[in-house]
Student: 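Could you have a look at this structure, given as structure tokens, before my questions?
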Amino acid sequence: MTTHASVSSARSARTPGLTDEAGTGSARASGATPSGGPSWGRREGVPTGPTPSGPAPSGFAACGLDGRLRNAPQARRFVASTLSGWALDRLVPDAELVVSELVTNAVQHALDPTAWETGDYPVWLGIFLNPGDLVCAVTDPSSRPPCLRAPDDCALGGRGLALIEALSTSWSWELTPPRGKTVWAALPLPAGLP
């Protein structure tokens, strides 16, 4: 797993326990794009930049995931650590669940298990702190859209997007040329926060 973070000067840029590509634990500027990773600021459909109603995000963090089932717990730890560093501990339970479902969907439904190569990060998780909300976004190499379905009462799975829909103020997906898609969900910030 590789991580990148960029936060406003009022917030810490270090994420304890996680490292960047160089293994230093230091942050990268939000414009930095590692080889093979998404160019976050240029993705359409993901509310990441300046909007008519407000400024650019005041916090950003991302991590590359290798596309294995262990990625869901890694994503939960990354989100908990990042939100704790941003003093948003109250959002951790909901954000962990949303990110866990987004990453699990990407790993289970968007990746070809025979195409995995050592050292690649086919799945990317981005967290954007905007005025009024926190956006969790996952990019994967598949162009197949996520499918909200009504699972059988006895089914063990199939409720991930329903959980995301229940916890978020909005969620959607967009194709991310040259290949793949980004699925995102916005969580409201607790009252009293910008």
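Since we're looking at a predicted model, the values are computed, not measured.
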Student: With sequence neighbours left out, what residues match Pro73 under side chain to side chain contact (heavy atoms under 4.5 Å, CB included)?
Tutor: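 If we apply the side chain to side chain contact (heavy atoms under 4.5 Å, CB included) test to Pro73, skipping adjacent residues, the hits are Arg76, Arg77.
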Student: Kindly write out the residues that satisfy side chain to side chain contact (heavy atoms under 4.5 Å, CB included) with Ser170, not counting sequence neighbours, or none if the list is empty.
Tutor: Trp184, Ala186
Student: Any chance you could measure Tyr121, atom OH, to Leu65, atom CG, to the nearest 0.5 Å?
Tutor: 9.0 Å
Student: Between Thr104 and Ala72, which heavy-atom pair has the shortest distance, and what is it?
Tutor: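 Smallest heavy-atom distance, with atoms named: OG1-CB, 3.6 Å.
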Student: Taking the side chain as C-beta and beyond, is there a heavy-atom pair between Phe128 and Leu134 under 4.5 Å?
Tutor: no
Student: In chain order, what residues pass the side chain to side chain contact (heavy atoms under 4.5 Å, CB included) check against Leu167, with sequence neighbours excluded?
Tutor: Asp94, Leu97, Val98, Leu187
Student: Rounded to the nearest 0.5 Å, what separation is found between the CG atom of Leu91 and the CD atom of Glu96?
Tutor: 11.0 Å
Student: Would you compute the distance between atom SG of Cys63 and atom CD of Gln74 and round it to the nearest 0.5 angstrom?
Tutor: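 Between atom SG of Cys63 and atom CD of Gln74 there are 8.0 Å.
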Student: Shortest non-hydrogen contact from Pro141 to Ala110?
Tutor: CG-O, 4.2 Å
Student: Find the distance between CG (Leu102) and CG (Asp140) and round it off to the nearest 0.5 Å.
Tutor: 10.0 Å
Student: When rounded to the nearest 0.5 angstrom, what is the spacing between CG in Leu111 and OG in Ser142?
Tutor: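 Between Leu111 CG and Ser142 OG, I get 8.0 Å after rounding to 0.5 Å.
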Student: Taking atom types as modelled, is there a side-chain donor on Thr139 or Thr176 under 3.5 Å from an acceptor on the other?
Tutor: no
Student: Over all heavy atoms of both residues, which pair between Ala106 and Val138 is shortest? Give the atoms and the distance, please.
Tutor: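 Shortest heavy-atom contact: CB-CG1, 3.9 Å.
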Student: Give me the atom names and distance for the closest heavy-atom approach of Leu163 to Glu101.
Tutor: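 Result for this residue pair: CD1-OE2, 4.0 Å.
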Student: List the atom of Ala185, the atom of Ser168, and the distance in Å for their closest heavy-atom pair.
Tutor: CB-CB, 4.0 Å
Student: Sequence neighbours excluded, which residues qualify as side chain to side chain contact (heavy atoms under 4.5 Å, CB included) partners of Pro146?
Tutor: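 For Pro146 the side chain to side chain contact (heavy atoms under 4.5 Å, CB included) partners, ignoring immediate neighbours, are Leu161, Trp171, Trp173, Lys181, Val183.
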Student: Do Val135 and Ile127 have side-chain heavy atoms sitting under 4.5 Å apart?
Tutor: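 The answer is no, as the side chains (C-beta and beyond) never meet within the 4.5 Å cut-off.
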Student: Tell me, do Leu175 and Ser143 make a side-chain contact under 4.5 Å, heavy atoms counted?
Tutor: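 Leu175 reaches Ser143 side chain to side chain.
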Student: Given side chains that start at C-beta, do those of Asp89 and Leu83 come closer than 4.5 Å, heavy atoms only?
Tutor: no
Student: Side chains of Phe60 and Leu129, heavy atoms from C-beta outward: is any pair under 4.5 Å?
Tutor: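 No. Closest side-chain heavy atoms not under 4.5 Å.
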Student: Looking at CD of Glu174 and OG1 of Thr182, how far apart are the two atoms once the value is rounded to the nearest 0.5 Å?
Tutor: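 Those atoms lie 8.5 Å apart.
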